[in-house]
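Take this structure, written in structure tokens, and hold onto it; I'll ask about it next.
By convention in this document, chain letters (A, B, ...) are assigned in the order of the sequence lines, proteins followed by strands, and residues within each chain are numbered from 1.
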2 protein chains.
Amino acid sequence: MKQTANQDKLLSEVRQIFENYLLENKLRRTPERFAILTEIYRRQDHFDADQLYDFMKQNNYHISRATVYNTLELLSKCGLIIKHQFGQHATIFEKSYGNAQHDHLICLDCSKIFEFCDPRLHQIEESMGRILKFNIERHALTLYGHCNGACDKTSKDKV
Amino acid sequence: MKQTANQDKLLSEVRQIFENYLLENKLRRTPERFAILTEIYRRQDHFDADQLYDFMKQNNYHISRATVYNTLELLSKCGLIIKHQFGQHATIFEKSYGNAQHDHLICLDCSKIFEFCDPRLHQIEESMGRILKFNIERHALTLYGHCNGACDKTSKDKV
DNA sequence: TTGTGTGCAAAAGCTTTGCATGTTG
DNA sequence: CAACATGCAAAGCTTTTGCACACAA
């Protein structure tokens, strides 16, 4: 099946990236770290640390919360996942390799998360960097709004 | 002194707005609520709940954490302060009456907060609302970057 | 007088840390 | 075999909650 072949290719690519990162930083390549990476890229879209911990447990891995948090930090540092702080709740993560950079729209009625991309953001970054004399490294834009009942048809995930 | 006169005018305006809000919602006009509003508008720029709690205590008010959180929630609902979630730390607030709407730039070196405004954001909100069929209510944009040592000269506040 | 708001302290929720054990390099 | 990662549980921090008392309406 074509889908599965793409999936396998993606998995081997991200594992390779993580392995290189660990080697370059003289960190250990433990089975726990690769298991977490693999499951994130196999399944989840937006998720928090606790959802991931539960998920690993349900799938018969024996991995502690400390390791989950530690590994999420490493994956974030090497760019394979992105951290988000939506609202006041737990930190939300999403896999980033193979995804176009995008921002988020959150429904105030049902908390579902949508993604969008707008090139004007790069222009804003550039202008503000120039004016305020900053090297802008990244941005976080979240729009909040009401879906008028349309969420159920198109949502990808929940916060 | 001109500055003081403006300050007094601002204070009486925001107290009036809060009072109207409380009356309209059949909430009580307690001394604690007005004390918190007054001190926020008299002093703080960006602050978190705990900083405000400490500040009130130092100034010989006897106000509990529960009341601080409760009042911040009310002030946020009636638009006199704005809540922010920068990074993974505590919720940050700022007074909003009399301030133009703006977004934030945070220095990754020294955590200082700068403000800016760009009209292209309204355009983005409008486009995305139309495309995704949402009524966009608000946005949160934060830029992260490096100041190249310029922060000390111009910063307003720290996270 | 009635019921909401307050203070206090305890609890809850997310994340980090300390320590003993296990495993990678 | 030495250093680092893990698991577990406890601690930390921010925020919320429960309860008795105070006070605004």
Using whole Å, report how far CG of B:L22 lies from P of C:dG5.
9 Å
Among D:dT15, D:dC8, C:dT6, which nucleotide sits nearest the side chain of B:A49?
D:dT15
Can you tell me how far C1' of D:dA5 sits from CD1 of A:I36, to the nearest Å?
12 Å
When the axes are fitted on five pairs at both termini, how much does the helix from C:dT1-D:dA25 to C:dG25-D:dC1 curve, in 10° steps?
30°
Interatomic distance where CG belongs to A:L23 and C1' belongs to C:dT24 [whole Å]
12 Å
Return whichever of B:R28 or B:V68 has its heavy-atom-nearest nucleotide of DNA chain C closer to the 5' end.
B:R28
Identify, between A:T67 and B:Y69, the residue whose nearest nucleotide on DNA chain D lies closer to the 5' end.
A:T67
Nearest-nucleotide 5' precedence on DNA chain D, B:R65 against B:T30
B:R65
CD1 of B:I63 versus P of D:dA22: gap in Å, rounded?
18 Å
Determine: side-chain N/O of A:H62 to OP1/OP2 of D:dC8, distance under 4.0 Å, yes or no.
yes
Is the A:F18 ring parallel, tilted or perpendicular to the A:Y21 ring (thresholds 30°, 60°)?
parallel
Output yes when at least one side-chain N/O atom of B:N70 is less than 4.0 Å from OP1 or OP2 of C:dG5, else no.
no
Look at A:T91 and C:dT15 and indicate whether a side-chain polar atom (N or O) is within less than 4.0 Å of OP1 or OP2.
yes
Between D:dA5 (P) and A:Y61 (OH): distance, integer Å
21 Å
Between B:E32 (CD) and D:dC21 (C1'), how many Å, whole number?
13 Å
Nearest listed nucleotide, side chain of B:R29, among D:dT6, D:dA25, C:dT17:
D:dA25
Check the distance between C:dC14's P and A:L52's CG and give it to me in whole angstrom.
14 Å
When you check the phosphate oxygens OP1 and OP2 of C:dG5, does a side-chain N or O of B:R33 lie under 4.0 Å from one of them?
yes
Using atom types as modelled and distance alone, determine if a side-chain donor or acceptor of B:T91 lies under 3.5 Å from a backbone N or O of B:Q85.
no
Is it true that A:F47 and A:F55 have ring centroids separated by less than 6.0 Å?
no
Closest listed nucleotide, where the reference is the side chain of A:L27 and the choices are C:dT17, D:dT14, D:dA5:
D:dA5
Taking it one step at a time, do B:E73 and B:K83 satisfy salt bridge (Lys or Arg N to Asp or Glu O under 4.0 Å)?
CA-CA 9 Å; B:E73 193 57 36; B:K83 262 183 176 169; 3.1 Å; yes
Rounded to whole angstroms, how far apart are NZ on B:K57 and P on C:dG7?
12 Å
Spacing of A:K95 atom NZ and A:Y41 atom OH [to the nearest 0.5 Å]
7.5 Å
Shared ILVMFWY cluster between A:I82 and A:L74, side chains joined below 4.5 angstrom?
no
Could you walk me through whether A:H46 and A:H84 pass the side-chain hydrogen bond (donor to acceptor under 3.5 Å, both in side chains) test, one step at a time?
CA-CA 9 Å; A:H46 296 92; A:H84 297 290; 5.3 Å; no
Below 4.0 angstrom, N of the basic side chain to O of the carboxylate: do B:E13 and B:K9 qualify?
yes
Nucleotide nearest A:P31 (side chain, heavy atoms from C-beta), chosen from C:dT6, D:dG7, C:dT24:
C:dT24
